[in-house]
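What follows is a short report on a single structure.
Bear in mind that the values here come from a model prediction, so they are computed numbers and not experimental data. Note on naming: letters A, B, ... go to the chains in the order of the sequence lines (proteins, then strands), and numbering restarts at 1 for each one.
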2 protein chains.
Amino acid sequence: MEQQGLALQRIKDQLHEANYKLTPQREATVLVLLENEKDHLSAEEIYMLVKLKTPDIGLATVYRTLEMLTELNVLDKVNFNDGLSRYDMRKEGAKHFHHHLLCLECGNIDEIEEDLLGDVEKIVETNFCFKVTDHRLTFHGICQSCQEKNKSSVE
Amino acid sequence: MEQQGLALQRIKDQLHEANYKLTPQREATVLVLLENEKDHLSAEEIYMLVKLKTPDIGLATVYRTLEMLTELNVLDKVNFNDGLSRYDMRKEGAKHFHHHLLCLECGNIDEIEEDLLGDVEKIVETNFCFKVTDHRLTFHGICQSCQEKNKSSVE
DNA sequence: GTCGTTGCAAACATTTTGCACGCAT
DNA sequence: ATGCGTGCAAAATGTTTGCAACGAC
């Protein structure tokens with residue numbers, strides 16, 4: 001909770017620095033994002049959650065807010081393979097973008113905060129002369145609980 | 001060329017195994033994909049290329065063919081962040097899916113065939129109990145030629 | 001004749017845009 | 001009064017689906 005207040009303040013500051021105003025709609029959207037940090041909500045899902053508390057908001061505004069926050073690097077727009085964009089908070093201190101584990105069976109998406117790509121990025125920079133600024137890494141596979149589910153159903 | 005003939009034959013066999021027919025439209029689509037293996041074409045781009053040689057084809061057929069080939073693991077559907085799906089041939093021998101380098105300046109997408117994630121996947125399997133079957137890895141950054149372009153324009 | 005495949009058009013889903021209005025400065 | 005921000009509706013975009021017709025066996 002305290003954390004969330006700090007995060008909100010940080011985002012407010014970023015908006016002001018970039019000459020954006022923190023309107024009630026924008027604040028409500030940011031709050032929903034903070035409250036659901038662990039999920040990977042789509043624009044529509046965010047819209048519906050915001051609308052519960054702030055019914056006076058349009059879908060277009062949510063899209064515009066999400067675009068703005070993505071531009072400010074508060075959010076990352078991520079595409080898994082379900083045809084729509086999802087939005088993911090960039091952790092405050094995190095230099096790198098976290099990784100994802102997508103379970104092909106239940107569709108659940110977990111996050112890995114650990115940076116696993118430090119060495120790999122160095123290889124890319126030296127061997128391919130490519131200046132890396134960011135990355136997207138998603139593993140596809142079977143999550144722990146689905147593995148257990150399968151095991152017990154076989155027995 | 002010879003390689004392409006072999007690849008085509010292999011794909012034909014896979015279709016037949018799965019009880020699909022190799023219709024002229026499907027063959028034309030596969031040929032376009034083989035001829036542009038290094039690109040990351042969207043459905044529409046593929047459609048337009050196929051239509052040059054085989055005008056009697058509809059966009060829906062291309063979509064259906066791409067879906068079928070994705071299901072057969074001949075293709076991978078990849079999403080960069082431009083809002084549409086792109087299709088990428090899975091290399092014949094390649095056990096793992098190759099990685100991508102997306103240049104944020106010129107939009108070019110390069111491929112890395114080397115497997116850079118062997119160790120990382122092991123870590124994921126043991127530390128997170130996640131059975132990895134595939135992955136998507138894209139580095140965002142500046143490609144070599146854009147770096148050079150920038151250097152000379154500063155001087 | 002059956003059945004898989006097709007082209008076309010319509011439907012659909014997601015995202016963007018145009019516009020008139022509202023509100024803070 | 002200026003200009004940013006808004007909701008709504010319309011448009012644009014990318015993809016899927018329904019359907020009648022075709023063609024191989």
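- Counted by atom type alone, A/E45 and A/N36 present zero donor-acceptor pairs between their side chains at under 3.5 Å.
- Note: B/H135 and B/H99 have tilted aromatic rings, judged against thresholds of 30 and 60 degrees for the angle between ring planes.
- Atom CG of B/N73 is surrounded by more than 12 heavy atoms from other residues, nucleotides or ligands within 6.0 Å.
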Test log, rule side-chain hydrogen bond (donor to acceptor under 3.5 Å, both in side chains), inputs A/D88 and A/H100
CA-CA 11 Å; A/D88 207 348; A/H100 292 108; 2.8 Å; yes

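- Smallest separation of non-hydrogen atoms from B/E105 and B/C146: CB-SG, 3.8 Å.
- Applying the salt bridge (Lys or Arg N to Asp or Glu O under 4.0 Å) test to every pair with at least one member in residues 56-81 of chain A, sequence neighbours left out, gives these pairs: A/D76-A/R90, A/D76-A/R136.
- The outermost nucleotides of DNA chain D lying under 4.0 Å from heavy atoms of chain A, listed 5' to 3', are D/dG5 to D/dC8.
- Rounding to the nearest 0.5 Å gives a distance of 14.5 Å between NZ of B/K12 and CD of B/E17.
- Remark: nothing in residues 74-89 of chain B comes within less than 4.0 Å of DNA chain C through any heavy atom.
- Here C/dT14 presents its C1' atom at 16 Å from CG of A/L41, a figure rounded to the nearest Å.
- A donor-acceptor contact shorter than 3.5 Å is absent between the side chain of A/R26 and the backbone of A/T65.
- When rounded to the nearest whole Å, the span between OH of A/Y47 and P of C/dA13 equals 16 Å.
- Under the salt bridge (Lys or Arg N to Asp or Glu O under 4.0 Å) criterion, A/E44 pairs with no residue at all, not counting sequence neighbours.
- The shortest non-hydrogen separation linking B/F130 to A/L102 is CZ-O, 3.4 Å.
- Listed by residue number, B/Y20, B/K21, B/T23, B/Q25, B/R26 are the residues of residues 9-27 of chain B with a heavy-atom contact under 4.0 Å to DNA chain C.
- Of the residues in residues 56-72 of chain A, A/D56, A/I57, A/G58, A/A60, A/T61, A/R64 come within less than 4.0 Å of DNA chain D through at least one heavy atom, sorted by number.
- How far CG of B/L8 is from CG of B/D13: 9.5 Å, rounded to the nearest 0.5 Å.
- Checking side-chain atoms of B/Q144 against main-chain N and O of A/F128 turns up no donor-acceptor pair under 3.5 Å.
- Following chains of ILVMFWY side-chain contacts shorter than 4.5 Å, one can reach A/L31 starting from A/Y63, so the two form part of one hydrophobic cluster.
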